[in-house]
Protein chains: 4
Amino acid sequence: MLAEMNKSQLEIVEAAADCFANYGADAVSIDDIARHLNATKGRIYHHFRSKSELLCAVRMRSVSLMYDQIAPIVARASDPLDAMKQMAFTHVQLILGHHSYHRVVSEDFRVFFNRSTTPDERRQIEEIIEKRTAYEELFRGVIQKGMDSGVFAKRPISLTVHSLITLLNSPSIWYSPRPGQTQDDRDAIAHDLAAMALGALGVKV
Amino acid sequence: MLAEMNKSQLEIVEAAADCFANYGADAVSIDDIARHLNATKGRIYHHFRSKSELLCAVRMRSVSLMYDQIAPIVARASDPLDAMKQMAFTHVQLILGHHSYHRVVSEDFRVFFNRSTTPDERRQIEEIIEKRTAYEELFRGVIQKGMDSGVFAKRPISLTVHSLITLLNSPSIWYSPRPGQTQDDRDAIAHDLAAMALGALGVKV
Amino acid sequence: MLAEMNKSQLEIVEAAADCFANYGADAVSIDDIARHLNATKGRIYHHFRSKSELLCAVRMRSVSLMYDQIAPIVARASDPLDAMKQMAFTHVQLILGHHSYHRVVSEDFRVFFNRSTTPDERRQIEEIIEKRTAYEELFRGVIQKGMDSGVFAKRPISLTVHSLITLLNSPSIWYSPRPGQTQDDRDAIAHDLAAMALGALGVKV
Amino acid sequence: MLAEMNKSQLEIVEAAADCFANYGADAVSIDDIARHLNATKGRIYHHFRSKSELLCAVRMRSVSLMYDQIAPIVARASDPLDAMKQMAFTHVQLILGHHSYHRVVSEDFRVFFNRSTTPDERRQIEEIIEKRTAYEELFRGVIQKGMDSGVFAKRPISLTVHSLITLLNSPSIWYSPRPGQTQDDRDAIAHDLAAMALGALGVKV
DNA sequence: AATGAATGAGTCTTCATTCAT
DNA sequence: GATGAATGAAGACTCATTCAT
C-alpha cells in the first residue's frame with residue numbers, strides 16, 4: 001500500500017513533508033499543503049483518503065529511505081564496529097539530506113494512538129511501526145554482536161538502541177539547511193556524530 | 001512572570017503537563033485539561049489567559065526544574081569530567097522523575113514561531129528561550145573546559161552540546177513509568193545514559 | 001428606582017457612560033468598567049444587579065438630564081417660536097456637555113427588545129421609554145402649537161418631532177471634545193444647530 | 001475588493017444586512033445569519049473570512065448604493081438649490097427603500113477602531129471611509145456653492161454637512177416598513193424630509 | 001483529475017453572573 | 001462593602017471531509 005507511489009502522489013508527499021516539517025503536522029491544514037502545491041485540496045483528496053493517510057505516507061517514506069540505505073550496509077559488513085561506523089555516518093547523512101521527512105518522524109506516535117482511528121489507518125500505522133522496528137533491529141543486531149564480542153560496552157540493549165538512534169536523529173531537531181552549506185559541511189557533521197555514537201557505545205577511540 | 005505561581009496555578013500546570021505529555025500539546029483541548037482537573041474551562045482561563053500561556057508555563061517549569069538542579073553542580077564541581085558525570089546523571093534522573101514536564105519540552109519551538117503570536121506571548125517565549133540557553137550554557141562551559149584540557153574529544157562545540165542534551169533527553173521519548181519501577185531502576189537508567197554521554201564526549205572509560 | 005442614586009452608584013454610572021460611549025455598550029465588559037474604576041467587578045455587582053441595569057441607569061440619567069433642563073423652558077415660554085429657540089439651543093448644549101451619556105443614548109432600543117429580558121429589566125426599560133416619550137412630548141407640544149399658529153410649516157407631527165430631535169442629537173455622533181475647546185466654541189455649535197433646527201421647522205429667517 | 005460580489009456572496013450580504021439591521025451587528029451571531037439563510041456557518045465562512053469582513057461588505061454596499069444614485073444628480077444639476085432638492089429627496093428614498101442596509105450604517109465606526117483589527121480589516125475599513133468621504137464631498141461641494149451664491153445660509157461647512165446627512169438619515173432610525181405602506185407614502189416622507197433639509201440650509205420657502 | 005461549495009463537529013476564548021470569604 | 005475564584009453558556013473561527021460538476 002504505502003510503498004507504491006506514482007509521480008502525482010510523490011509530489012504531494014514531498015509538499016506535505018515540507019509543511020509538516022516546518023510547522024508541525026497538527027498545525028498544517030490540508031489547505032496549507034494544497035497552497036504549497038499551487039492546487040486545491042481536491043487534488044490531495046483525489047490521491048489520499050485522509051490527512052492521516054498522507055501523514056502515514058510521509059512517515060513510511062522516511063523510514064523506508066533509511067531502511068533501504070542501512071540494510072545493505074549490515075548485510076555487507078564483516079564486523080560490528082565497522083558496520084556501526086558506516087551505519088551511523090549514513091544515518092546522519094540521510095537525516096541531513098532529507099531533513100523534511102525525518103523531522104516529521106522525530107515526532108513520535110502518540111498522536112496516532114490517541115485519536116479515533118479507522119481500521120484502515122491502524123493497518124497503515126502498524127505497517128510503519130513494523131518497518132521502524134525492522135530498522136531498529138538492524139541496529140539491535142549489530143550492537144548486540146558488538147557487545148557480545150566485547151567491542152561495545154555491555155549495557156541494556158533496548159536502552160542502548162533507542163538512545164543511540166535518538167542521538168543520531170538529533171540533527172533533525174537542531175540542524176536547519178542554510179544557503180551556503182556544502183556536502184562537505186554535512187559530511188563533517190555526520191562524521192562528528194558518528195564518532196560520538198561510537199563513543200557512546202563504549203568504543204575506545 | 002512565568003516563575004511566580006500560586007497553588008491553584010501549579011495544580012493547573014501539573015494537569016496540563018500530564019495531558020500535553022500523553023497526547024501532545026496540539027491534540028489536547030482546554031476542555032481535556034479541565035476534565036483532568038475535574039473543573040471547567042473557566043477555571044483555567046481565570047488563571048491563564050490562553051492555551052499558549054499555559055503551555056509556556058509548563059515549558060518554563062520544565063527548564064527551571066532542570067536549571068535549578070544542575071547549576072549548583074557546575075558551581076561546586078572541581079574539574080569538567082567530574083562535573084559532567086554528575087550533570088548527566090542528574091539530568092536523566094530529573095527527566096525520569098518529571099517525565100510529563102520534560103516530554104512536553106522535547107517538542108521544539110516550531111509551533112511557537114509559526115503561529116500568530118501576541119506581544120505578550122512572544123515575551124514569554126523569549127523568557128523560556130533565555131532560560132533554556134542559560135541551561136545549555138552550563139553544559140557548554142563544562143564541555144569547553146573539558147575539550148581545552150584534553151579530557152573530552154575536540155569537536156564543534158554547538159553540535160556537541162545539542163547532541164549531548166538530546167541524548168540525555170532521550171528517555172523523555174522512550175521511557176514510560178510503569179507501576180513496578182523503583183528508584184533503583186531509574187538510577188540504573190541514569191547511570192547507563194551518563195556513561196553513554198561521557199563516551200560520546202570521548203572520555204576514555 | 002432608576003432615579004435615586006447615591007455617590008457610589010453615580011461614580012459607577014459615570015464610568016460606565018464613558019466606556020459605553022467610547023466603545024459601544026456591547027463591546028464593553030463589566031471588567032472593562034471595573035478597570036476604568038480601578039476596582040473589581042464585585043463592586044459593580046454590589047450596586048447593580050446586571051449589566052443591563054447599569055445600561056438602563058446610564059440611559060435614564062441621559063434622558064433625565066435632558067428633561068430636567070428642557071421642561072422648565074417649555075413651562076416658562078410664552079410662544080412656540082421663542083420656546084423652540086431655547087429648547088434647541090439648550091438641547092445641543094447638553095449633548096456637548098454630557099457627551100458620554102448622550103452618545104450611549106443615540107443607540108436605539110433594538111438591543112433591549114430583542115434580548116431575553118427579565119420582568120425587572122422590562123420595567124426599567126418601560127420607565128426609560130416613558131421618560132423619553134415625555135421628553136418628546138415637550139417638543140411635540142411646542143411644535144404642534146407652532147404649526148397651528150402658522151409659525152412652523154405644517155407637516156406630519158411624528159416625522160417632524162423625530163427628525164428634529166435626531167438633528168439636534170447629531171453632535172453626539174460627529175462631535176468629540178478636544179483639549180482646546182472652550183464654552184464659546186460649544187455655544188457656537190449650539191447656535192448654528194438651533195438655527196438649522198428652526199429652519200427645518202420652516203421658520204422664515 | 002469589496003465591490004466585486006457574486007450571487008452567492010450577495011445573498012449572504014443581504015441576509016446579514018437584514019439581521020444586523022433588526023438586532024444590531026453585535027447582537028447577531030454568524031449562526032443567526034446562517035439560520036436566516038437556511039444554511040450553516042460554514043457556507044458564510046467559505047465566502048467571508050470573518051464577521052468583520054461581512055459587516056464591511058454590508059456597509060460598503062450601503063454607501064455604494066447611495067453614491068451611485070447621488071453622484072449623477074450632482075453631475076447633472078445646474079444650480080445648488082436644484083441639486084440639493086433632488087439629492088435630499090433621493091437620499092431619503094434610498095434610505096426607505098434599502099432600510100436594512102442603511103440602518104446598519106447609521107451605527108458608527110467605534111466598533112471598528114476599538115477592536116483588534118487585522119491589516120486586512122483595516123484596509124477594508126479605509127476603503128469604506130474613503131467612499132463615505134467621497135459621498136460627503138458630494139454634499140459638501142453643493143452646499144459650499146450654495147453658501148457662496150447666497151442661496152444657503154453661511155455656516156461652518158463641516159457641521160452643516162454632517163448635521164444635514166444625519167437629518168436625512170433619520171428615517172433609518174425611526175422608520176420601519178409596514179405591510180400597507182405604498183410608494184406614495186414613502187415619497188411623502190422623502191418630500192417632507194427634503195423640505196426640512198432645505199429649511200435647515202436656510203432656504204427661504 | 002480537479003475544483004469550489006458546503007457541512008458539521010470541534011476548539012479557543014469571552015463574559016455575565018454567582019458565591020464564599 | 002468588596003474581592004477573587006469559579007461557572008456555564010455562547011460565539012467566532014477552523015478544518016477534515018464530502019459532493020456535485
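As the structure is a computational prediction, the values presented were derived from the model and not from experiment. Chain letters run A, B, ... following the sequence lines, proteins first and then strands; every chain starts at 1.
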First of C:Y45 and B:D32 reached from the 5' end of DNA chain E, by closest nucleotide: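 Its nearest nucleotide being more 5', the pick is B:D32.
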
Along DNA chain E (nearest heavy atom to each residue), the more 5'-positioned of C:D31 and B:V28: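 Its nearest nucleotide being more 5', the pick is B:V28.
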
Starting from [atom2] on [N], measure out to [atom1] on [X] and report it in whole angstrom.
X	N	atom1	atom2	value
B:I44	E:dC15	CD1	C1'	17 Å
C:L37	F:dT3	CG	P	10 Å
B:L54	E:dT13	CG	C1'	14 Å
C:H46	F:dT3	NE2	P	11 Å
A:K51	F:dT18	NZ	C1'	17 Å
D:D26	F:dA10	CG	P	17 Å
D:L55	F:dA12	CG	C1'	14 Å
B:F48	E:dC12	CZ	P	15 Å

Scan B:S50 against the nucleic acid and name what it touches under 4.0 Å (heavy atoms): base, sugar-phosphate only, or nothing.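 Since only primed, P, OP1 and OP2 atoms lie under 4.0 Å of B:S50, the category is sugar-phosphate.
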
With a 4.5 Å heavy-atom cut-off, do [X] and [Y] have their side chains touching?
X	Y	answer
B:R59	B:L55	yes
C:E14	C:R61	yes
A:D120	A:R49	yes

With the side chain of [X] defined as its heavy atoms from C-beta on, choose the nearest nucleotide among [options].
X	options	result
B:S29	E:dT3, E:dC12, F:dA2	E:dC12
D:R43	F:dT3, F:dC13, E:dA6	E:dA6
C:K41	E:dT17, E:dT3, F:dT3	E:dT17

Quick one: look up who E:dA6 pairs with, Watson-Crick or G-U, both distances under 3.5 Å, and put none if it's unpaired.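 Checking every strand shown, E:dA6 finds its partner in F:dT17, with both distances under 3.5 Å.
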
So which one's nearest nucleotide on DNA chain F is more toward 5', B:G42 or A:I30?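 Its nearest nucleotide lies further toward 5', so the answer is B:G42.
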
Can you check whether D:H47 has a side-chain N or O nearer than 4.0 Å to OP1 or OP2 of E:dA6?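 Yes, because at least one side-chain N or O of D:H47 sits under 4.0 Å from OP1 or OP2 of E:dA6.
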
Compute both the distance and the angle, then confirm whether A:R103 meets the cation-pi test with A:F20: under 6.0 Å from the six-membered ring centre, within 45 degrees of the axis.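 No cation-pi geometry.
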
Kindly determine whether C:E121 and C:C56 satisfy side chain to side chain contact (heavy atoms under 4.5 Å, CB included), including the steps that lead there. CA-CA 8 Å; C:E121 277 168 34; C:C56 282; 5.9 Å; no

